[in-house]
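The structure under discussion appears below in the form of structure tokens.
Because only heavy atoms are used, hydrogens play no part in the values below, and waters and symmetry mates are left out as well, while side chains stay in.
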Amino acid sequence: MGCRAKAAASELLRVVAGSDAEGRPALVPDPDRRAPGRGAHVHPTPECWQLAVRRRALPRALRSSEGLSAAPVADHLAEIHQSDSPQHRPETGARSS
């Protein structure tokens, strides 16, 4: 949706229309690909996600006319990329902070 590059479904993050913690309509990550309803797929990178949000591609793909908050997916991506950040850089032998 964001960068329009093709990839296997297993490499993409499925996003569905749902609700956030307060019950407001929101885009919700579906990493297990089991949530009911129509889904859209994006690369699980902040860059691809930002492109999809900027292009307003997700509400169109999900056929949703109501305003959907993108915060739950942005939080999910931030959490993924924090856990993937390297703690040790073998090329220098230094540890990152």
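Here the straight-line distance linking atom CE of Met1 with atom CG of Leu51 works out to 11.5 Å at 0.5 Å rounding.
Summarising the hydrophobic clusters (Ile, Leu, Val, Met, Phe, Trp, Tyr; side-chain heavy atoms under 4.5 Å, direct or chained), the residues clustered with Val28 are Val16.
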Counting only pairs under 3.5 Å, give me each side-chain donor-acceptor contact of residues 38-48, with atom names and distances, residues two or more places apart or in other chains.
unit_1, atom_1, unit_2, atom_2, d
Arg38, NE, Ala61, O, 2.8
Thr45, OG1, Cys48, N, 3.2

Pairs under 3.5 angstrom only: tabulate donor-acceptor contacts from the side chains of residues 5-13 to other protein residues two or more places apart or in another chain.
none

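Closest approach of Gly37 to Arg14, counting heavy atoms only: O-NH2, 2.6 Å. Across Ala17 and Leu68, no two heavy atoms sit closer than the pair CB-CD1, 4.3 Å.
With sequence neighbours left out, Arg24 forms a salt bridge (charged side-chain N to carboxylate O under 4.0 Å, His left out) with Asp20, Glu22. For the side-chain contact (heavy atoms from CB on, under 4.5 Å) test, residues two or more places apart in sequence or in another chain that qualify with Ala70 are Leu27, Trp49, Val53.
Side-chain atoms of Asp75 never come within 3.5 Å of backbone atoms of Glu79 as a donor-acceptor pair (strictly under, hydrogens ignored).
Every pair tested for salt bridge (charged side-chain N to carboxylate O under 4.0 Å, His left out) that includes a residue from residues 48-59 fails, sequence neighbours excluded, so the list is empty.
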